[in-house]
Amino acid sequence: MFQLSSFVQKAQSLIDPANFIIPSLTPSADRNPSKSSLFRQQFRLPDSQNPLHEITAELALPVAPPSSSTHGERPRDGDRPGNRYAGQLHLSERFLCFSTQPTSFLPSASFAVSTSFTGQTHGTGPSGNGFTVPLCSIRRVERLHSLTHVFALALTTWNGALGRHPSSSAKDPPFVPQRFTIQLMGSRQACERFCDGLKKGLREAMKEIEDLRVVVMDCYSEYLLTGGSKAKGEEPDRQPPDAGLGMVFRYPGDARKLRDRSKMRLWAEYFRENGRNFTLIRQPTFHKLIRVGLPNRLRGEIWELASGSLYARLRSPRLYHETLSKFDGRESLAIDEIEKDLNRSLPEYPGFQSEEGIGRLRRVLTAYSWTNEQIGYCQAMNIVVAALLIYMSESQAFFLLSVLCDRILPGYYSTTMYGTLLDQKVFESLVEKTMPVLWEHLVKSDVQLSVVSLPWFLSLYINSMPLVFAFRVLDVFFLEGPKVLFQIGLAILRINGEELLDVQDDGSFISILKSYFSSLDESAHPRSENPKLRAVTRFQELMVVAFKEFSGITHSTIEELRAKHKDAVLENIESFAKRTSIRNLGPDSKRLSVEDLGAIYDRFYEVLYDHEQRQKLLAEEKKRHEKKKFERFSVQAPPPDAEVGRVGLGPSSTQMDYDAFREFLAATAKWAVADVRGQAWNEALSEKNRQLSNQSSVRGRSKSDLKLEDKPEPADHEFMQRLFRNWDVDRSQGLSLQNVVNGLAHLKGTRDIMNSINYFFDLYDNGTGQVDREGILGMSEALLFLSRRGFDGALTPSDLPDDSHDAPLSPYDREQKEDTKLSTDERFLGSVSSFIRRCFEYADPSHLQNQESTGGGTTVDQAAADLDAFSIGDDDDDLIEIEDWPNLLPAQSTSKSASEPSNPTSPSRAASESANAALNPDHPLHITLPTFRMVVLADELLEQFFESFFPQSFHLSDHPHPASLAPSSSLSSNLTTFTNLGSVRSQSFSSNRASVISGATVAGFSGGIVPPNKGLRGVLDNIVSDGMRMAAEVRKKMEEAQREMERNALGREEDEDDEDEDGRGLVTSASSAAAMVGGMSSWGVGIYSIDPERRSVRERDRDLLEGAEAASVVDGKDVHYPTGDAGGGDRTNDHDSQEVRSSRRTSDSVNRGVFSMVEFDS
Amino acid sequence: MSDSAAGSAQKPSSSVKLVLLGEAAVGKSSLVLRFVNNDFQENKEPTIGAAFLTQKCPLPTRTIKFEIWDTAGQERFASLAPMYYRNAQAALVVYDLTKPSSLVKAKHWVAELQRQASPGIVIALVGNKLDLANDGSGASGGIATATENGVPGPETDGDTSEARNEEQESATSDARKISTREARGYAEEEGLLFFETSAKTGVNVVEVFTAIANAIPETSLKGTRGGGAGAGQSALGAGRSGDDSRVNLGDRNAAAARDGCAC
Ligand SMILES: Nc1nc2c(ncn2[C@@H]2O[C@H](COP(=O)(O)OP(=O)(O)O)[C@@H](O)[C@H]2O)c(=O)[nH]1
Ligand SMILES: [Mg+2]
């Protein structure tokens, strides 16, 4: 139940509003709590407990000692000695529970039956009359064989025996062990099955008897009956256990007036008759004794018992002190906040004016903040804990606080405080329903009830009423649950209703209630003739109104209203958190539109949430397997409710790791979607399905969980790893929302080609301003990776024969001209190949001795020859033969750790490389940003790629920031680049004049579609054709899994006409890339119009290019739920029952009459 | 209960709901304590959600009874803030002029109020802990919206102190991190009242509240006696015209700020 997993308190995570985790796309999760959790709620059991067996039964208590005056709820006729109760007997891993509340938690039971205990409980609380005993406290179970048709068990407990001094037993009155019988009412088979489960549980429980002894010895009831009552003889009396600060600083209120002594005597008597602490049996007197107010020294223990925190303490009796010593000396934000409030926690109580009290308060709050870092510390907890510490030890208060925060009041103290806000809504709607006139008046006078009632709920009235009365409310609250807070609140308003109808503002409203609270000890009817009536205090009146008049307010009333208002409350919190978060994203975020930021925000948290859910499911699945193998009755926590982590319920994680980042990208850009589903992904999904089908047999599932299947599987590519590292500016191995926003803002914030070129270069720049050989190869691979799903029309080659006459194509036109699009894709391959060539061609040597080889007029020719040398050579030695170049191509490494730039001098076994300066690892080389720019701008498609496709491929909202749409004016810088290129770099026959013209043209068309370029590009492009093949190879290697693509690439290779292409490039001095590309285009059209088979391949490609949806539709068919064999639980049960049957048969034949199933003696 | 009638029997009295917002530890509670009790000390009251206090502020023509919601300091209580500002007529957005992050937070609250609170809400931006700036004695404040109307705000005062600030910022080890000019500029842009205060010395504290009292449009005031329902309605209805009133009230405000509340 405690999460000790991550100890590092991130101060930031509490300050950062991004914490209000909100995957706002997730619909409200499964509302129905699981049967297990209902079971735990009813009996206040720890999270490790599950309902394993249940059976209708009758509890028969032994005849009470003469003084007894108790009456059973359903007392039988006088022929029976003691009280008898009909009810339901439940068995969990470690507990045996009996309740008169007719509840069933069988998997087959309807939800209504499971929740019926939430109805009126007539003061008994959800667990009714009966008992909740840990199996380890049962000493002996016997089967009574009195009548043939009766299946009865006699239970003997450790009650009173654990704390006894063996030596003193002689003097004491004879010890009478607690013993009672339970008659099981079911088929013989059912009874035997139950007994079998019980037997197993009892065996397991033996281990816990020492823990039980430890915890029992801390119970004041134990001291009261065994230690304290002893006459003050020679023997040193046992020290009384710590019953809170009150033992030192006095308990609040006048003990005489509170009739503390008589209450104590009544409790002692009750304990003697019905057992104490763990073995206490709840009879109606128990509830009555609580209603009249608990005696000081027993208050803490009964709170523990009623709330169930006693059982949590039994599970880990040393946790409190261990936690404190484990974190001794550590600092955290929570600790700072706790420190500030220590002096303002019940300062009126003397114990908290002393270092002793303050110290206890500090330790309990601190220990809790470590065990639940998601909550940490919330103001108001200081007040609650201070109140608890008056009546209980630190360890007791620690566990009670945990149960309070985690189970009784979930969400009250979370970082979004949604539970508190929700309950104010619930309270308001109850007021509206029960007191419509008052409600209307408050609305009219603009008085907001919830601001007044909020502190009542948040601090459990402790800060609103005088302490003595607040504790009386708490007495009932721990027994009956949160509905008590509502009943009291309604009663307060009802009693003050008339006066409240006069208020016009918050001030008068508050002052009426203030004076009411301060007069709670006064007579409710001071002027009454009847002295009895006069003696009734206002507080008593309050209790009567709360629990009589508002007895109709049950736990299920509250649950229903919570369910009704939950979405609205969460949405309010979410939209508030989102606004806050987006406003606080800093200056860079302003480059994106509010819609874009909203889209990023939603996507970010959705991915985090989904990712987390998936991890959790996988972990659970794993645990489940292990559990099956090793331990049938695990004490490990069961799966938490599906709702955990959902929507503004509070923060879980606020950083995306790389895997989550991939999912984010897959939801953002087409190219980040994997081409085929990986093994791991499918496994995850099938685990998920298994999980779902199992759970669906137990409880209704929401569709939110099913969504996982529809998610595209993200690709994994070195480019994505680089992006991740680039965005992770603080090197935290995780991306915060801020990181993601900044990353995208820099990329998309300005529609400036230079920006996007620089951005891309930066991804490969290893910090030196240079990109080396591997980087260049990585870049070209990334270009292919990014382009492999098409361009969505972002790239428009300028001279397509089909559409040269009209403006950019609408998406519709694009569809129509499928083959045109295809050729764009293909020509982009050409562009990438020329990119590689040019990069190597214009690369600078990284060492001086290499400079000679790049100097002089032979550069271009040399480079071309080099490229020829490696690209035409046999495939195995090809540049792009990735497997042979593991070190050169980090791109292919899938592990994140291998993403460091690799050693530039790594060996290669390519035969041709010694003659090839570009490839020779002994001649390291690099390109710089200007070179990169030049190479990109030298190619029309690459230019368009960087100008529009690359930034646009990150899809955010449909309303981008206007600035990012504005035509770029920075293209004038192209001019310089081209000029430089022409004059400095180009050694060929191309004229500088042409390059200037080209540049001018580009500038003139800035931001739009670039017209055919003449001159310089042609010069560069005349070396393109070899690169084509090279690029095709790259592609082939990269997309091995993608059959269609590969075939396509091969096909092109076959038909390639190198001469023709070269010829074009060389013939016309003004030959443009456009011209060449145009040629290819028509060639492409030819192929596909001729070859129907190829065409159909292409159609399938298109499906693929549609991306995620298409893929998931196909996959969706495969991953249906195996509903046929749903319900692993059922199967297990069947299996169990078979086992039981067979084992029973044998044992039955042997055992007749009274037999002892299990017997333990100390 | 009917304490509202007591104080100023002659003048009409109306209550104004005011909410304090701002980062933890900027001095919200201290400002309220100074205003309500004219005192400065560590906060002994445990705050659950928000502390509620009232204080009357007599103006020449009427008495304003402030109903002050001082929101809790812890960050997570920010989720609750909408409950408090929802139908507030005035808001004090406080930052600590020695702590830049607190102005960022203040701007967030201003944006939040402008978007989510009732339209006529009067917002004052307050830079607290002026005593920690070396020019601590200098009072600055006024109507940031006034530029267009030609109302300089209380004002020549503020301007000189501002000039002084900037000199001293470079000169000595001034704890001030946010210049008057920067904050005032922002306040002007957003149409907020602007003051720099010290809860410790009391400088400008009463002035803030008085300026707010003056800036509340007459139409959005509701009487404390009688016709509650009607008044409530009118308060909501009048919201729309709030912006205008806020600007136009400049003159009166400037005058009133000087005589201040008698509290
Ligand atoms: N020097 C100085 N300190 C102040 C001033 N106002 C508040 N403080 C201190 O700042 C701290 C936080 O004040 P508090 O009123 O609790 O802030 P809140 O969290 O905004 O309510 C306390 O230690 C105050 O003493 C001021 O005007 N000057
Ligand atoms: Mg405060």
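Below, chain A is the first sequence line, B the second, and so on; all start at residue 1.
- Considering all non-hydrogen atoms of both residues, Gln379(A) and Gln74(B) come closest at N-OE1, 2.7 Å.
- Heavy atoms of Lys17(B) lying under 4.5 Å from chain A belong exclusively to its side chain.
- Heavy atoms of other residues, nucleotides or ligands lying less than 6.0 angstrom from CD of Glu348(A) number more than 12.
- In plain terms, the two heavy atoms of Thr580(A) and Lys105(B) that are nearest each other are CG2-NZ, 4.5 Å.
- Atom OH of Tyr84(B) sits about 4.5 Å away from atom CG of Leu454(A), to the nearest 0.5 Å.
- A distance of 5.0 Å separates CZ of Arg115(B) from CZ of Arg579(A), quoted to the nearest 0.5 Å.
- In this structure, Arg583(A) contributes its side chain and Trp109(B) its backbone to no donor-acceptor pair below 3.5 Å.
- Within a 6.0 Å sphere centred on CD of Glu440(A), other residues, nucleotides and ligands contribute 12 heavy atoms or fewer.
- For Ala111(B), the parts sitting under 4.5 Å from any heavy atom of chain A are the backbone and the side chain alike.
- Here the CG-CD distance, from Asp506(A) to Glu67(B), works out to 5.0 Å after rounding to the nearest 0.5 Å.
- Heavy atoms of Asp341(A) lying under 4.5 Å from chain B are absent altogether.
- With chain A as partner, the option from Val104(B), Ile68(B), Leu80(B), Leu53(B) having the largest number of non-hydrogen pairs under 4.5 angstrom is Leu80(B).
- Atom CZ of Phe576(A) is separated from atom OG of Ser79(B) by 6.0 Å, given to the nearest 0.5 angstrom.
- Between the CD1 atom of Ile582(A) and the NE2 atom of His108(B) there is a distance of 11.5 Å, given to the nearest 0.5 Å.
- For a residue to count as touching a neighbouring chain, one of its non-hydrogen atoms must lie under 4.5 Å from one of that chain's; by this rule Glu112(B) touches chain A with backbone and side chain alike.
- Residues Asn572(A) and Met83(B) form no side-chain contact, since every pair of their non-hydrogen atoms from C-beta on lies 4.5 Å or further apart.
- For chain A, no part of Glu23(B) is nearby; none of its heavy atoms comes within less than 4.5 Å.
- Distance check: Asp446(A) CG to Gln89(B) CD gives 7.5 Å after rounding to the nearest 0.5 Å.
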